[in-house]
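Here's the structure we're looking at; comments come further down.
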Amino acid sequence: MTAEAGALDPGLRRDDGYGRPESAQSGPAFSSQPQSHPPEYILPMDIQIRATSDSDRLAITDLLNAAFGPDGAEIAALVSDLLDDPSARPLLSLAATRDACVIGYILFTHTQIAGSEPSLASAILAPLAVHPDHQGRGIGGRLIEAGLKRLKDAGVDLVFVLGHPGYYPRYGFDPAGERGFEAPHPIPGEHAAAWMVRTLRPGVIGTVSGQVVCADTLNDPRHWSE
């Protein structure tokens, strides 16, 4: 869902989320970013990446409607439901802003691996969105990088995504099915490469496998089909 091709931070409870505000400088069903920009693009200095709050909800909805077009209302409703879903926590919700306007957004929510040890922490990326006026500038990639850094610092071991197989491998994602991880719902064979995983801790891949269990809100077959 992209519209641009452990331990928690001090003071945060496990149900509160993973992250704190941070500067940006420091498949297809889930994604709205064009896939053409180079990953080494440097963001303008006035673009910041920060954790979101309830006061950002309207701006996030407006962004998702702009980024996803006809599917925007459905994606916005999904995000709103995920933010209110206890089974999606801990979660990480980040916005890219410029001049106090939300121009990019990324959400990571809690997942589990069926049959795995409770100590194994994992999450799923959905959605990623960048406003059409700002696409092709590397904002989506920097949102991914900022999110992965915070998740790693929080003790998360694995991050999953259903997205463009020509885009997410730039950020360390590999085919998840080949590594023993089944999606919450079947992925058609021709789109198997869109189901990917990124390891944040060495030695995890190969020691655990099974079906990924996502938040109740996301556990709907219609979110897993083209």
Side-chain angles (χ1 to χ4, degrees), residues 1-5 8-9 12 14-22 24 27-33 48-68 71-97 102-112 121-131 139-154 156 158-164 167-168 171 173 183-184 196-198 200 212-220 223-224:
M1 187 177 293
T2 307
E4 197 191 277
L8 298 177
D9 285 350
L12 292 180
R14 178 159 283 273
D15 357 310
D16 286 328
Y18 292 112
R20 287 181 171 172
E22 172 179 311
F30 294 111
S31 168
S32 78
Q33 168 87 359
Q48 303 291 314
I49 294 179
R50 61 169 175 80
T52 66
S53 65
D54 285 343
S55 64
D56 294 310
R57 286 212 180 191
L58 181 57
I60 292 169
T61 295
D62 290 343
L63 167 68
L64 294 172
N65 278 314
F68 284 99
D71 297 323
E74 180 181 358
I75 301 299
L78 174 66
V79 167
S80 179
D81 289 345
L82 281 169
L83 292 174
D84 293 331
D85 184 350
S87 69
R89 297 181 180 272
L91 59 78
L92 176 62
S93 175
L94 299 177
T97 64
V102 175
I103 61 172
Y105 181 69
I106 195 168
L107 178 63
F108 300 86
T109 53
H110 176 65
T111 60
Q112 300 178 65
S122 61
I124 188 167
L125 188 173
L128 167 66
V130 174
H131 193 282
I139 296 172
R142 296 305 291 270
L143 280 165
I144 295 171
E145 290 169 346
L148 293 177
K149 181 180 184 302
R150 291 191 187 205
L151 293 174
K152 182 178 180 179
D153 291 345
V156 173
L158 298 169
V159 180
F160 297 92
V161 70
L162 178 65
H164 199 292
Y167 180 68
Y168 287 97
Y171 305 100
F173 286 86
M196 290 171 276
V197 63
R198 167 74 146 85
L200 300 181
V212 175
V213 180
C214 58
D216 294 342
T217 297
L218 200 53
N219 192 26
D220 185 327
H223 298 314
W224 298 87

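It should be emphasised that the depicted structure is a prediction, and the values quoted were computed from it without experimental measurement. The figures here come from the full heavy-atom set of this structure, side chains too, leaving out hydrogens, waters and symmetry mates.
Atom-to-atom distance recorded for Ile103:CD1 and His131:NE2 is 9.5 Å, nearest 0.5 angstrom. From Leu92, atom CG reaches atom CD1 of Ile106 across 8.0 Å, with rounding to the nearest 0.5 Å. Distance check: Ile75 CD1 to Ile60 CD1 gives 14.0 Å after rounding to the nearest 0.5 Å. Atoms CZ and CG, on Phe108 and Leu128 in that order, are 8.0 Å from each other to the nearest 0.5 Å. Separation of atoms CG (Leu125) and CG (Leu143) is listed at 9.5 Å; rounding is to 0.5 Å.
With sequence neighbours excluded, the residues forming a side-chain contact (heavy atoms from CB on, under 4.5 Å) with Asp84 are Arg57, Ser80, listed by chain and number. For Thr97, there are no side chain to side chain donor-acceptor pair (under 3.5 Å) partners two or more places apart in sequence or in a different chain. Under the side chain to side chain donor-acceptor pair (under 3.5 Å) criterion, Ser93 pairs with Thr52, Tyr105, sequence neighbours left out. Ala215 pairs by the side-chain contact (heavy atoms from CB on, under 4.5 Å) definition with Leu82, Asp85, Ser87, Ala88, not counting sequence neighbours. For Asp62, there are no side chain to side chain donor-acceptor pair (under 3.5 Å) partners, not counting sequence neighbours. The side chain to side chain donor-acceptor pair (under 3.5 Å) check on Asn65 picks up nothing, with sequence neighbours excluded.
Two residues are said to be in side-chain contact when any heavy atoms from C-beta on lie closer than 4.5 Å; Thr217 and Leu78 meet this criterion. Counting only heavy atoms from C-beta outward, the side chains of Arg198 and Leu151 never approach each other to under 4.5 Å. Residues Pro127 and Leu64 have side chains in contact (heavy-atom distance under 4.5 Å, counting atoms from C-beta outward). Looking only at side-chain heavy atoms (C-beta outward), Thr109 and Leu107 come within less than 4.5 Å of each other.
Across all their heavy atoms, Phe160 and Phe173 have their closest contact at C-CE2, 4.4 Å. Between Ala96 and Ile139, the shortest heavy-atom contact is CB-CG2, 3.7 Å. What you find for Met196 and Gly163 is that their closest heavy atoms are CE-O, 3.4 Å. Across Ala129 and Leu63, no two heavy atoms sit closer than the pair O-CD2, 4.2 Å. Minimum interatomic distance between His223 and Leu162 (heavy atoms only, all atoms of both residues): O-CD2, 4.3 Å.
Between the side chain of Ser122 and the backbone N or O of Leu158 there is no donor-acceptor pair closer than 3.5 Å.
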